[in-house]
Amino acid sequence: MKNYDIKKVEKKWQDFWYSNSSFTAVDFSEKTKYYALIEFPYPSGTGMHVGHIKAFTSLDVVARKKRMEGYNVLFPIGFDAFGLPTENYAIKTGIHPREVTNRNIKIFTNQLKRAGFSFDFSRVVDTTQADYYKWTQWIFLKLFEKGLAYKAHSYVNYCPSCQVVLANEDSQGGQCDRCGSEVIQKEKDVWFLKITAYSESLLEGLEHVDYLPRIKMEQINWIGKSEGVEVKFKIKENNEDLLIFTTRADTLFGVTFMVIAPEHPLIERLKDKIENYSELQEYRNLAAHKTEFERLQMNKGKTGVRIIGLNAINPVNGKVIPIFVADYVMLAYGTGAIMAVPAHDSRDFSFAKEHDCPIIEVIKGGDINKEAYTDIEEGILCNSDFLNGLGVKEAQVKITEYLVSRGIGEKMINYKMKDWAFNRQRYWGEPIPIIKCPHCGYVADNNLPLKLPEMEHFQPGTDGESPLASLKDWVRVKCPICNQMAERETDTMPQWAGSSWYFLRYCDPHNNKELASYDKMKYWLPVDWYNGGMEHVTRHMIYSRFWNQFLYDEGIVPVKEPYARRTAVGLILGEDGEKMSKSRGNIVDPIDIINEYGADTLRTYILFLGEYEQPSPWSEAGIKGCKRFLDRIYRFLEKVDFQAKSYSKELEGPINKTIKDVGSDIENVKFNTAISKLMTLSNEYAKYPKLSKKDLETFIALLNPFAPHLCEEINEQLGNNYSMVNTKWPNYDESKTIDNTVIIAVQVNGKLRGTFPIAKDSDKKALEEKALELESIKQHITGKTIRKIIVVPNKIVNIVVN
RNA sequence: GCGGAUAUGGCGGAAUGGCAGACGCGCUAGACUUAGGAUCUAGUGUCUCACGACGUAAGGGUUCAAGUCCCUUUAUCCGCACCA
């Protein structure tokens, strides 16, 4: 039996492709462009994992198919190589991060090639190379210049263990993303990027792109737009305004107390008037140091302390109400202060219960003795003066008009998304090119790239200082404006920086005059299909959309939205159905699989194993099925009749159908069914003792995106001296995808009782007559009255009897 | 708590409202073999000797016809999480 040496064959074709630059994208080609993008990997020391293979293979299939369809395909690869693991490894081993990164990139490059990915390796970018991060710094300075990068004294999430300031996104649930320890709030000077200036634009842009609905939803939630009213309450004791934000102005008559955040500046400002200031201080301290555990405990009840000596006045009815400090109100959202309506807000309700505040019902419909009534669809206003009898929506309109016309309220839109904390106290990142001058303030250092200085030890300084702070000679620098002694910013950028614009660099990766030429970007952008993990669909995507939109506004980039289409890969679980992890010991190393079964089998299996976007468990047994399938295709070579020029007659229908289905399945991210249809067709082929050369050529054309090495090999053995890379994707004849004979199902009262074959498009009458003649049908209708017969041409006849 | 998804054989999973279980794995029997973790052939949802009946998380509904549409419930997963 004929078989082939997988290792030899795969090596042979990889050498062929990569030495002939088979996948090089051509700038400004006459062909229609197609830009397929995968999230570039972080080159970790452990090499690729199966998740990479799945994400990369799927778009490799798309890229290979598009090339066969005549597109000029850009399918680039690069490395997002700044980052903590490399730095930590450097600290531990003393090996320079540069060296570690170079080594890991080499490993990755090798592995990528062993999987046979059709990346354009002439366009590789590495975010840690000065000729790349020069432009990352340049974009930062652009933002700085436009006032979109600013330094502010602020409360930040700080991990005492890593001694690093964390972005909100890195400290979700109050835990450090890296080490899991408790994050505390710390006052610090922090660089921010003003992404909030783009909140609306980032939301609006989602209307013009084709992302998975789930992805859009998550981005919308992340931005978290809510429309409401900012209302001025007066503080009784000194007549100053206390601003609150509410989306429920209709409940204004139900306000029984106010709550401000523990960090609210009011407390410091009016501390002379506050009688229990020390008690408040104590509470504020406690709040700042709450652990995650305590937080969860306190979620049941709401803690807080009343400010004695200060009261507020409700602007609509003049009532005097107490003010509390409580940590269920966040300084960062809205105004950091709320009006509390316990009858109609569940948090205010539980706080009121805890602290014996009155609860006044202003919307009828619920039972406020039991719980807050928050329905906004059905309730009717009561106890609310001129709002009585109105529905919630109407009341909102009316009260808003009232507040605005009297100057005590203003329509306001709030967003959950906050400005992006942009500095890290780490070595292995892009230095922030800013000089702090005692006379001129923060000044841009336009002498780019500002290279990472050499150093030997990479430990962060104490108290959240960057390792770079210890390089006194590097830090001390003359101010570019006044020429006096000044100091460099010693923090570096977060890892999100380099990945926020890499897709632009791919258009023109060797340009040393601009981040990329406008014309080349104009040719390639937008990315036609971007694919990657679900874990990056908020942070990375929103950050990079922000940068792109900013650069678009600056006239540097030609498109407003960088990604026309975005899909996400489902996780591959271990054989035990659990997430792959070292501790579970259920990790599958893709290189082991390539060694044992070959890259083609791995590629085919990884797309066959389940619905693309769903998580699916790995199965060692399953992979053998794909190996068998590919082996069988190779053995078809033995049956080829080189005399026969066209398709074997019997196979015309199945072949045309398969061409149609495989093509549309790939476009629709249904790789598993695309492969199953190829398997079905191969089962058809297996029935016949001879195949024409064309039969097999068409088959390998369809299979080529999935198993390119095997298909090149078969193609060569068929005597063809061209590469599959440039083969045409087969066309199909629509008329031949439809069978001339169809099988009609016959039901009696909706239950299947028989079938019969008949010529396609036979008329209803013929179907009906034929159905009634069937023996199996007669059994079920004799002695009964036929009430109705439903006939669906080419499909079904349903006879209704009783 | 809010938002989103998912639920189909022993397993992974297919099914524009029209023959549920494609395709693959596994399993059973047979063929070829010194051998089989190779290959080929046939079979494989459940109950029943069979005719047949029952089957897509549970319950209801719409329809000639429901895995698919509508309502209720349950379970699992993901995201956000005191967002005013």
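We use all heavy atoms of the structure for the numbers below, so side chains are in, but hydrogens, waters and symmetry mates are not. Per chain, numbering begins at 1; letters A, B, ... match sequence-line order.
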Worksheet entry | Carboxylate-amine/guanidinium proximity below 4.0 Å for A:Lys370 and A:Asp367 | yes

Discussion item. Between A:Asp665 and A:Lys677, is there a side-chain heavy-atom distance shorter than 4.5 Å?
Written reply: yes

Worksheet item: Between B:C78 and B:A14, how far is it from one C1' atom to the other, in whole Å?
Response: 24 Å

Response to the item:
To the nearest angstrom, the CD-P distance between A:Glu620 and B:G26 comes to 12 Å

Discussion item. For A:Phe636 and A:Tyr685, take the angle between the two ring planes, folded into 0 to 90°, and tell me which bin it lands in: parallel under 30, tilted 30 to 60, perpendicular over 60.
Written reply: tilted

Worksheet item: Rounded to the nearest Å, what distance is computed from the NZ atom of residue A:Lys579 to the C1' atom of nucleotide B:C77?
Response: 12 Å

Fill in: Check: B:C80 base within 3.5 Å donor-acceptor of A:Lys416 side chain
no

Discussion item. Give me the distance, rounded to whole Å, that separates B:G26 from B:A20 when you measure between the P atoms they each carry.
Written reply: 28 Å

Item to complete: Could you tell me whether the side chain of A:Arg284 and the main chain of A:Pro262 form a donor-acceptor pair under 3.5 Å?
Response: yes

Worksheet item: Does a nitrogen or oxygen in the side chain of A:Arg753 sit under 4.0 Å from OP1 or OP2 of B:C19?
Response: no

Fill in: Any A:Lys751 side-chain nitrogen or oxygen under 4.0 Å from OP1 or OP2 of B:C54
yes

Discussion item. Donor-acceptor check, side chain of A:Gln396 to backbone of A:Thr247, threshold 3.5 angstrom: yes or no?
Written reply: yes

Discussion item. Need one value for A:Val329: base, sugar-phosphate or nothing, where a base atom within 4.0 Å counts as base even if backbone is also close, heavy atoms only.
Written reply: base

Worksheet item: Just by distance, with hydrogens left out, do A:Ser58 and A:Tyr612 show a side-chain donor and acceptor under 3.5 Å apart?
Response: yes

Discussion item. Once you measure the plane-to-plane angle for A:Tyr605 and A:Trp618, does it fall in the parallel (<30°), tilted (30-60°) or perpendicular (>60°) bin?
Written reply: perpendicular

Response to the item:
Base orientation of B:G61, chi within 90° of 0 counted as syn, else anti, reads anti

Discussion item. Give me the distance, rounded to whole Å, that separates B:C47 from B:G9 when you measure between the C1' atoms they each carry.
Written reply: 15 Å

Worksheet item: Given atom CZ of A:Arg603 and atom P of B:G24, what is their separation to the nearest angstrom?
Response: 21 Å

Item to complete: Give the stems involving RNA chain B, where a stem is 3 or more consecutive Watson-Crick or G-U wobble pairs (i with j, i+1 with j-1, and so on) under 3.5 Å.
Response: B:1-7 with B:74-80, B:10-12 with B:23-25, B:26-31 with B:39-44, B:45-47 with B:52-54, B:57-61 with B:69-73

Worksheet item: In whole Å, what is the span from the OH atom of A:Tyr333 to the P atom of B:A81?
Response: 13 Å

Worksheet item: Whole-Å distance between B:U76 C1' and A:Leu573 CG?
Response: 13 Å

Worksheet entry | C1' atoms of B:U62 and B:C69, separation to the nearest Å | 8 Å

Discussion item. I'd like to compare against my own output: the B/S/- annotation of nucleotides 2-15 of chain B with a strict under-4.0 Å heavy-atom distance to protein.
Written reply: -SS-------BSSS

Worksheet item: With sugar-phosphate meaning primed atoms plus P, OP1 and OP2, does A:Asp345 contact a base, only sugar-phosphate, or nothing at under 4.0 Å between heavy atoms?
Response: nothing

Worksheet item: RNA chain B: A:His780 or A:Met534, which has the more 5' nearest nucleotide?
Response: A:His780

Response to the item:
From the list A:Val746, A:Leu767, A:Ile799, A:Val797, side-chain contact (heavy atoms from CB on, under 4.5 Å) with A:Leu772 holds only for A:Ile799

Item to complete: Assign A:Met679 to base, sugar-phosphate, or nothing according to its heavy-atom contacts below 4.0 angstrom with the strands shown.
Response: sugar-phosphate

Worksheet item: What nucleic acid atoms does A:Ile743 come within less than 4.0 Å of, heavy atoms only: base, sugar-phosphate, or nothing?
Response: base

Worksheet item: Of all the nucleotides listed (B:C64, B:G24, B:C25), which has the minimum atom distance to the side chain of A:Val800?
Response: B:C64

Fill in: ring pair (Phe, Tyr, Trp, His ring centres under 6.0 Å) involving A:Phe349 - partner list, sequence neighbours excluded
none

Worksheet item: What is the distance, rounded to the nearest whole Å, between atom CG of A:Leu678 and atom C1' of B:A22?
Response: 14 Å

Item to complete: For B:U44 and B:G21, measure between their P atoms and round to the nearest Å.
Response: 11 Å

Worksheet item: What interatomic distance, in whole Å, is found between P of B:U76 and the corresponding atom of B:C70?
Response: 24 Å

Discussion item. Check for me whether A:Lys302 meets the cation-pi criterion with A:Phe351, that is, NZ or CZ under 6.0 Å from the six-membered ring centre and within 45 degrees of the ring axis.
Written reply: no

Practice prompt. Using the C1' atom as the reference point in each nucleotide, state the distance between B:C32 and B:C77 in Å, no decimals.
Written response: 48 Å

Worksheet, complete the sentence: When rounded to whole Å, the NZ to P distance for the pair A:Lys627 and B:A38 reads 11 Å

Practice prompt. Kindly point out which of B:C25, B:G18, B:C64 is positioned nearest to the side chain of A:Lys788?
Written response: B:C64

Worksheet item: Any sub-3.5 Å donor-acceptor pair from A:Ser384's side-chain atoms to A:Leu381's backbone N or O?
Response: no

Discussion item. What's the gap between B:G67 and B:U8 when it is taken at their C1' atoms, as a whole Å value?
Written reply: 7 Å

Worksheet item: Quick one: which of B:C19, B:G26, B:G18 gets closest to the side chain of A:Leu752?
Response: B:C19

Fill in: Given RNA chain B, 5'-ward residue of the pair A:Val797 and A:Gly622, judged by closest heavy atom
A:Val797

Item to complete: Check every strand shown and say whether A:Arg632 touches a base, only sugar-phosphate, or nothing at a heavy-atom separation below 4.0 Å.
Response: sugar-phosphate

Fill in: Whole angstrom value for the distance that separates P of B:C19 from CD of A:Gln747
8 Å

Worksheet item: Are A:Asn683 and B:G24 close enough that a side-chain N or O sits under 4.0 Å from OP1 or OP2?
Response: yes

Practice prompt. Using a cut-off of 6.0 Å, state whether more than 12 heavy atoms not belonging to A:Lys778 lie near its atom NZ.
Written response: yes

